[in-house]
Protein chains: 4
Amino acid sequence: MGTHQARRGDTRQRIQDVALELFLERGYEKTSLREIAEKLDVTKAALYYHFKTKEDIVIGLFQEFGRPLDELIAWGRTQPSDLDTRLELLRRYSAALQTASPLFRFAHENQPTLRELSIGQSFRERITALTELVTDAGGPLEDRARGMSALFTVHFGAFAAMEWMTGDDTPDDKRRAFLQVAEELLTAAHHPSAGTE
Amino acid sequence: MGTHQARRGDTRQRIQDVALELFLERGYEKTSLREIAEKLDVTKAALYYHFKTKEDIVIGLFQEFGRPLDELIAWGRTQPSDLDTRLELLRRYSAALQTASPLFRFAHENQPTLRELSIGQSFRERITALTELVTDAGGPLEDRARGMSALFTVHFGAFAAMEWMTGDDTPDDKRRAFLQVAEELLTAAHHPSAGTE
Amino acid sequence: MGTHQARRGDTRQRIQDVALELFLERGYEKTSLREIAEKLDVTKAALYYHFKTKEDIVIGLFQEFGRPLDELIAWGRTQPSDLDTRLELLRRYSAALQTASPLFRFAHENQPTLRELSIGQSFRERITALTELVTDAGGPLEDRARGMSALFTVHFGAFAAMEWMTGDDTPDDKRRAFLQVAEELLTAAHHPSAGTE
Amino acid sequence: MGTHQARRGDTRQRIQDVALELFLERGYEKTSLREIAEKLDVTKAALYYHFKTKEDIVIGLFQEFGRPLDELIAWGRTQPSDLDTRLELLRRYSAALQTASPLFRFAHENQPTLRELSIGQSFRERITALTELVTDAGGPLEDRARGMSALFTVHFGAFAAMEWMTGDDTPDDKRRAFLQVAEELLTAAHHPSAGTE
DNA sequence: AATGAATGAGGGTTCATTCAT
DNA sequence: CATGAATGAACCCTCATTCAT
């Protein structure tokens, strides 16, 4: 029950938690392994026992949190490419963001780093896959814009909005509100009169 | 006479150009002054003749490119807070992004850095100001979400979309499409029946 | 039962074998215990069960392989200091190198390390002892040079030559050739007319 | 006339001097840049102003000291492949070693390191070139052994001998003695009766 | 308007070694 | 007989910055 040495075996997990926390606060590049180690009250070398490199910590994070997104895409690909599927995709994406949003915010705020970090490639591919599922590649430009906009809305509604939106609604209220706006966008994209209005 | 030394006096400008280019490519933190200097074929020390610090280069960039945004906000504050004003704000914002989009992309992709860089504060404030002009602080949550979504749509439509949207429409076509979607969103937010649907 | 764990008790030997192999390939300093352990498919800590320190592995190697040299010197000291003894020393040394040459190559290629490694001292002493047995401390400079040269010839003929000598003679052919050259050198050193030429 | 800052512009040279000195004393791997810097009373970073990497220091050393050897080889290749040429090659090699011997000793005592250091390759090639010039690729094995032995004799006579040879002859006396022994070896290799004796 | 030389702080990484289990 | 987890010291290297010239 002491402060020291109390945990055991969960060090790997703790490293990832603290790392993500600091990466979000100060960015990947500016977060040094020294900082992570100090916050955990271990040595830098201890980190290297659990992760081969700094980049490896990020890879670990994405493996853990990125799975729901993979499943979502896999599911989407088994479904017919119609409005109902897309609405459901949005809903599930919104739900997934509830827990994974820290990682996604990290991904967004550290793009130049991820671009060079191998893992970044696969993350971008997943985003691309999602947009393809939600938009109709052959449809009119406006409709595709609506699809992407719906995605932006759910996506950024999950974290960017948290900082910029005033009022005292709960995070979950906000999330649902953005989800509804996104659904309207997608529905409009499928409405025959959408492009003409 | 000679390709070298041909320019004069515009070194400051050239530094900023190259810096922004590299910041976009590799991120602010990973771009070293050495790289910038080498690409310009001058010494690191030369950079210090023109800019007091690395951060100063960023400040210079924001002063140059950030002005249109300041003017936009200033204009918005003189106008009545109604739908027409907001639509016009969107249009002007979209237009401003046409030239300033590299800087905005830089701002977005280097948020953790900017957060600590003093200049970042003022940039965030400007974004906050914009959202306040475009949404009605006292209105229903869905409407505020629509306002923010409209802003996201114009904003990310300007660069994120460029990478993720397939098809061979021109960038300007895309921009206009996103603008139109954003206008629809704002209009819906002002429609009496919007919240009930 | 199974390929693993098949050996038992010979772990110490296997460590030494793999260590010498790696020391020869990459040098003592650049060979880490991690590498040795990985190649053996055990943990670093396991090495410490068999050897107290990294240096201890080297000591072990020299004890194993260095004995023939000790015996050679001991034998030499019991013999009269004449040409026949010296020729026989050369022959025995050449023979000893046949099996011990890896260790000798290691010793030669890692001299700065050995110099600081306690065991190195004793190795150098042995070489010095050999030269004293083969040369006549009070004789003319040229003769002493011939003695050392004979030693070089046998010594480096055993490994350096392997890499630099073209042709398809067997290693043993080469060894014998160098031995013969060395014998000529020693014999010349004992010839009355040697110094006068 | 102060102790500090007294020199200027010769820092690069001083780094190389001190580096070689330490490399000889403690070996390349065990010599840290910190040690070199401290001995020079500058910062580690200063070293990096003059040399891109630790390996670069070695490269610099070889470029400086390795040139005489290159010239020797180049000269040898313009000459007829007979005894006189070979004797002259030995003499010139022996002379070259007078000044370059520290570098050659370094090369010899740090072979595993050099093998991985790119520069090492070219050094080995030079040694190979020399042996080819001094021996007759098509001749009998014994004669080739005599050629290599002659080279060993001159080569190791230049530094290894210094440590192992007792007596109070000057280094130059020793060098000349070894040179003479080497000359005898080469001459014997060209004697018709050499192999039969 | 710019350079050459240097610095101090810190980066990520690797190493030999230890010890409770 | 061996492992898992960790440490402390050191490593090479890079960075933003300075300053005399």
Side-chain angles (χ1 to χ4, degrees), chain A residues 5 7-12 15 29-37 40-57, chain B residues 5 7-12 15 28-37 40-57, chain C residues 5 7-12 29-37 40-57, chain D residues 5 7-12 15 29-37 40-57:
Chain A
Q5 241 72 349
R7 289 95 156 190
R8 198 180 309 170
D10 61 343
T11 308
R12 196 188 149 92
I15 292 172
E29 308 287 355
K30 295 213 56 163
T31 302
S32 71
L33 295 183
R34 181 181 50 72
E35 282 175 287
I36 298 176
L40 283 166
D41 206 28
V42 293
T43 7
K44 266 191 293 173
L47 304 184
Y48 277 90
Y49 178 77
H50 295 279
F51 296 93
K52 240 175 41 211
T53 141
K54 189 185 181 187
E55 176 171 356
D56 237 51
I57 300 180
Chain B
Q5 244 76 346
R7 291 101 157 188
R8 199 184 305 172
D10 63 343
T11 306
R12 194 188 150 89
I15 292 172
Y28 175 81
E29 307 288 355
K30 293 209 65 165
T31 303
S32 70
L33 294 184
R34 181 179 50 72
E35 279 175 288
I36 298 176
L40 283 166
D41 209 27
V42 293
T43 11
K44 266 184 297 175
L47 304 184
Y48 279 88
Y49 181 82
H50 295 281
F51 296 92
K52 235 174 50 206
T53 73
K54 190 185 182 186
E55 179 172 355
D56 243 48
I57 300 180
Chain C
Q5 243 75 349
R7 292 105 159 181
R8 199 185 303 173
D10 63 343
T11 306
R12 193 188 151 89
E29 308 287 354
K30 293 209 65 167
T31 302
S32 68
L33 295 184
R34 180 178 52 69
E35 279 175 287
I36 298 176
L40 283 166
D41 208 28
V42 293
T43 8
K44 264 185 298 173
L47 304 184
Y48 279 88
Y49 181 81
H50 295 278
F51 296 93
K52 235 175 51 206
T53 73
K54 188 184 182 187
E55 178 172 355
D56 242 49
I57 300 179
Chain D
Q5 240 74 350
R7 290 92 157 197
R8 198 179 308 169
D10 61 343
T11 306
R12 195 188 150 92
I15 292 172
E29 309 286 355
K30 295 212 59 160
T31 302
S32 72
L33 295 183
R34 179 179 51 71
E35 281 174 288
I36 298 176
L40 283 166
D41 206 28
V42 293
T43 10
K44 266 188 294 172
L47 304 185
Y48 279 92
Y49 178 78
H50 295 280
F51 296 92
K52 243 175 39 212
T53 140
K54 189 185 180 186
E55 176 172 356
D56 238 51
I57 300 179

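Each chain gets a letter, A, B and so on, in the order the sequences are listed, and its residues count up from 1.
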Original post:
Rounded to the nearest 0.5 Å, how far apart are CZ of R12(D) and NE2 of H50(D)?
Top reply: 8.5 Å
Subject >> Point-to-point distance, once rounded to the nearest 0.5 Å, from CG of L47(D) to OG1 of T11(D) >> reply: 10.0 Å
Nearest-Å distance, [atom1] ([X]) to [atom2] ([N])?
{"X": "I36(D)", "N": "dC11(F)", "atom1": "CD1", "atom2": "P", "answer": "11 Å"}
{"X": "K52(B)", "N": "dC19(F)", "atom1": "NZ", "atom2": "P", "answer": "14 Å"}
{"X": "E29(D)", "N": "dC15(E)", "atom1": "CD", "atom2": "P", "answer": "11 Å"}
{"X": "L47(D)", "N": "dG8(E)", "atom1": "CG", "atom2": "C1'", "answer": "14 Å"}
{"X": "D41(B)", "N": "dT3(E)", "atom1": "CG", "atom2": "C1'", "answer": "13 Å"}
{"X": "I15(B)", "N": "dA2(E)", "atom1": "CD1", "atom2": "P", "answer": "8 Å"}
{"X": "L40(A)", "N": "dA5(F)", "atom1": "CG", "atom2": "C1'", "answer": "14 Å"}

Subject >> Partner nucleotide of dT21(F) by Watson-Crick or wobble geometry (both distances under 3.5 Å) >> reply: dA2(E)
**OP:** Scan every strand shown for a Watson-Crick or G-U wobble partner of dT7(F), both distances under 3.5 Å, and answer none if you come up empty.
**Re:** dA16(E)
Just N and O in the side chain of [X]: are any of them under 4.0 Å from OP1 or OP2 of [N]?
{"X": "H50(D)", "N": "dG4(E)", "result": "no"}
{"X": "T11(C)", "N": "dA2(F)", "result": "yes"}
{"X": "S32(B)", "N": "dT14(F)", "result": "no"}
{"X": "T53(D)", "N": "dC13(F)", "result": "yes"}
{"X": "Y49(A)", "N": "dA5(F)", "result": "yes"}
{"X": "Y48(A)", "N": "dT14(E)", "result": "no"}
{"X": "R34(B)", "N": "dT14(F)", "result": "no"}

Original post:
Are the side chain of T43(B) and the backbone N or O of A45(B) linked by a donor-acceptor pair below 3.5 Å?
Top reply: no
Original post:
To the side chain of L33(B), which of dT7(E), dA16(F), dT7(F) is closest?
Top reply: dA16(F)
Subject >> Stepwise side-chain contact (heavy atoms from CB on, under 4.5 Å) test for I57(A) and L33(A) >> reply: CA-CA 10 Å; I57(A) 300 180; L33(A) 295 183; 4.2 Å; yes
Original post:
Which residue lies toward the 5' end of DNA chain E, A46(B) or K30(C), if each is placed at its nearest nucleotide?
Top reply: A46(B)
Subject >> Upstream residue (5' side of DNA chain E) when V42(D) and A45(A) are each assigned their closest nucleotide >> reply: V42(D)
**OP:** Test side-chain contact (heavy atoms from CB on, under 4.5 Å) on I36(C) and V42(C) and set out the steps.
**Re:** CA-CA 9 Å; I36(C) 298 176; V42(C) 293; over 6 Å; no
**OP:** May I ask you to establish whether K54(B) and Y28(B) are in a cation-pi arrangement, using a distance under 6.0 Å from NZ or CZ to the six-membered ring centre and at most 45° from the ring axis?
**Re:** yes
**OP:** Please confirm whether any donor atom in the side chain of K54(A) sits under 3.5 Å from an acceptor in the base of dT13(E), or the reverse.
**Re:** no
Original post:
In terms of the nearest nucleotide of DNA chain F, which residue is placed more toward the 5' end: E35(D) or K44(B)?
Top reply: E35(D)
